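Only a predicted model underlies this, so the values are computations on that prediction, with no experimental measurement involved. Numbers for residues simply follow the sequence, beginning at 1.
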Amino acid sequence: MEVERVQVIASSLSTKMDSIPSEFIRTEKEQPALTTFNGPIPEIPTIDLSDPDQDNLVRTIAKASQEWGFFQVVNHGVPIEVIKKLQNVGKEFFELPLEEKEAYARPPGADSLEGYGTKLQKEIDGKKAWVDYLFHNVWPPSRINYQFWPKNPPSYREANEEYVKCLIGVVDKLLMWLSLGLGLEGDVLKEAVGGNELEYLLKINYYPPCPRPDLALGVAPHTDMSTITVLVPNDVPGLQVFKDDYWFDAKYIPNALIVHIGDQIEVTLSSLDPLVNSSVLFSL
């Protein structure tokens, strides 16, 4: 069955239009214009990973994970040029002609989620998300299927390999600091979630310009099933975090990475020690 991509739908609409297809209009309990907190906005914690006081760093990460489940990190060690290359090749891919992108489409009925696609299933109340995506494994090598890695732009593979090489170091440190923050040995969480065989997956979300961003959502409210999600933001606002019954805008910080504690951390903690109450330690 042929799927109409959101990018195609968006290109057929004028940004001056006052409507979008009804399946993208969220109910009032989800519309950004009605659900976004408009008072003084508490900022998502920002953590400097170059802090020489390691004890303070461990405490800060543990506190942010417990109270928010989200935090931004600066001085993380991933070079700016590596992040820019990754962003550029992703942008260039989505600027390709549709037929070229479709060569990397997720096969219908495939068990794997890898490939170019559009969220197919309708969500609560029959609504759809305003997003297309490219999704594939990037580590370990045994899990990579280059069938879903675009050959155009030509630097796509190099940009991904550079980025994941840097990212592994960041994630290793985060898992160590999270372990220490829980009163565990530094290697416990990493080993519990796969050790050196921990899988890394890249998802590039593409949100086409929307005439009514006050009515639509790029991604429905959710938690992540991963161990940790590391987001590479840009200067286009949109990310929101749910806390204390409100949706808060995430402030854009140039060159920062956004860390989201995933569901697998809770599952892992529950299996490590029945005395560790993960629902208290990490709020998602």
Side-chain angles (χ1 to χ4, degrees), residues 1-8 10-11 76-121 129-172 174 193-208 218-219 222 224-234 236 239 255 257-260 262 264:
M1 180 181 71
E2 188 173 342
V3 178
E4 189 170 21
R5 304 302 182 192
V6 176
Q7 190 174 3
V8 174
S11 67
H76 41 68
V78 182
I80 296 172
E81 59 270 21
V82 171
I83 293 176
K84 294 298 183 186
K85 285 181 184 177
L86 183 74
Q87 291 175 316
N88 288 339
V89 296
K91 182 174 183 289
E92 289 173 31
F93 171 77
F94 280 98
E95 290 174 346
L96 295 174
L98 179 63
E99 58 272 18
E100 193 168 347
K101 295 195 289 280
E102 290 291 351
Y104 302 96
R106 176 178 177 265
D111 292 332
S112 170
L113 297 176
E114 290 186 278
Y116 166 65
T118 295
K119 192 171 180 64
L120 297 179
Q121 70 270 30
W130 191 267
V131 62
D132 293 331
Y133 64 82
L134 179 64
F135 192 38
H136 58 73
N137 290 54
V138 292
W139 189 264
S142 60
R143 295 289 295 159
I144 293 176
N145 186 346
Y146 288 112
Q147 171 189 346
F148 299 111
W149 289 47
K151 293 183 174 60
N152 192 13
S155 57
Y156 184 87
R157 177 169 174 173
E158 178 188 354
N160 274 262
E161 289 176 341
E162 271 191 284
Y163 176 69
V164 76
K165 181 179 178 181
C166 297
L167 185 64
I168 288 172
V170 176
V171 172
D172 282 351
L174 287 172
V193 296
N196 291 330
E197 293 303 306
L198 177 62
E199 294 183 13
Y200 288 72
L201 300 95
L202 176 81
K203 186 179 184 187
I204 304 173
N205 285 327
Y206 181 81
Y207 307 103
V219 177
H222 67 284
D224 285 349
M225 293 186 293
S226 60
T227 299
I228 286 180
T229 297
V230 179
L231 299 171
V232 180
N234 58 27
V236 178
L239 178 66
N255 307 318
L257 296 174
I258 299 174
V259 179
H260 180 196
Q264 285 298 319

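- Here the rule is side chain to side chain contact (heavy atoms under 4.5 Å, CB included) with Y207, and of V6, V236, D132, V219 only V219 fits it.
- Using a 4.5 Å heavy-atom cutoff, the side chains of V138 and L201 are not in contact.
- Between P233 and L239 there is no side-chain heavy-atom pair separated by less than 4.5 Å.
- Rounding to the nearest 0.5 Å gives a distance of 13.0 Å between CG of L202 and OH of Y133.
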*Do V230 and I258 pass the side-chain contact (heavy atoms from CB on, under 4.5 Å) test, and can you show the C-alpha distance, the side-chain angles, and the key distance before you say yes or no?*
CA-CA 6 Å; V230 179; I258 299 174; over 6 Å; no
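- Taking each heavy atom of V131 and G218 in turn, the nearest pair found is CG1-O, 3.1 Å.
- Expressed to the nearest 0.5 Å, how far NZ of K84 lies from CD of E81 amounts to 11.0 Å.
- Closest of all the heavy-atom pairs between E4 and V8 is OE2-CG1, 4.2 Å.
- With contacts defined as side-chain heavy-atom distances shorter than 4.5 Å, the pair F135/R106 does not qualify.
- Taking both residues in full, the closest heavy atoms of P79 and C166 are given as CD-SG, 3.8 Å, listed atom of the first, atom of the second, then distance.
- The backbone N or O of I83 lies less than 3.5 Å from no partner atom in the side chain of E162, so there is not a single donor-acceptor pair.
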*Could you check I144 against Y146 for side-chain contact (heavy atoms from CB on, under 4.5 Å), going step by step and ending with a plain yes or no?*
CA-CA 6 Å; I144 293 176; Y146 288 112; 3.5 Å; yes
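- Between the Q7 side chain and the F94 main chain, a donor and an acceptor come within less than 3.5 Å of each other.
- Counting only heavy atoms from C-beta outward, the side chains of I204 and F93 never approach each other to under 4.5 Å.
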*asked:* Could you go through Y206 and E95, starting from their C-alpha distance and side-chain angles, then the distance that decides it, and tell me whether this counts as side-chain contact (heavy atoms from CB on, under 4.5 Å)?
replied: CA-CA 10 Å; Y206 181 81; E95 290 174 346; 6.0 Å; no
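- Listed here is the closest heavy atom pair of L198 and W139: O-CD1, 3.8 Å.
- Summarising the geometry, atom CG belonging to N137 is positioned 11.5 Å from atom CG belonging to N160; distances are rounded to the nearest 0.5 Å.
- Checked by atom type and distance alone, the side chain of H76 never pairs as donor or acceptor with a backbone atom of L167 at under 3.5 Å.
- Using a 4.5 Å cut-off on side-chain heavy atoms (C-beta onward), L231 and L257 make no contact.
- Partner of R143 under the salt bridge (charged side-chain N to carboxylate O under 4.0 Å, His left out) criterion, chosen from E199, E197, E114: E199.
- Judged by distance alone, the side chain of W130 and the main-chain N or O of P208 form a donor-acceptor pair under 3.5 Å.
- The closest side-chain donor-acceptor pair between E100 and N152 falls under 3.5 angstrom.
- Looking at K101, its side chain does come within 3.5 Å of a backbone N or O of L96 through a donor-acceptor pair.
- If you look at Y156 and H136, their ring centroids are closer than 6.0 Å.
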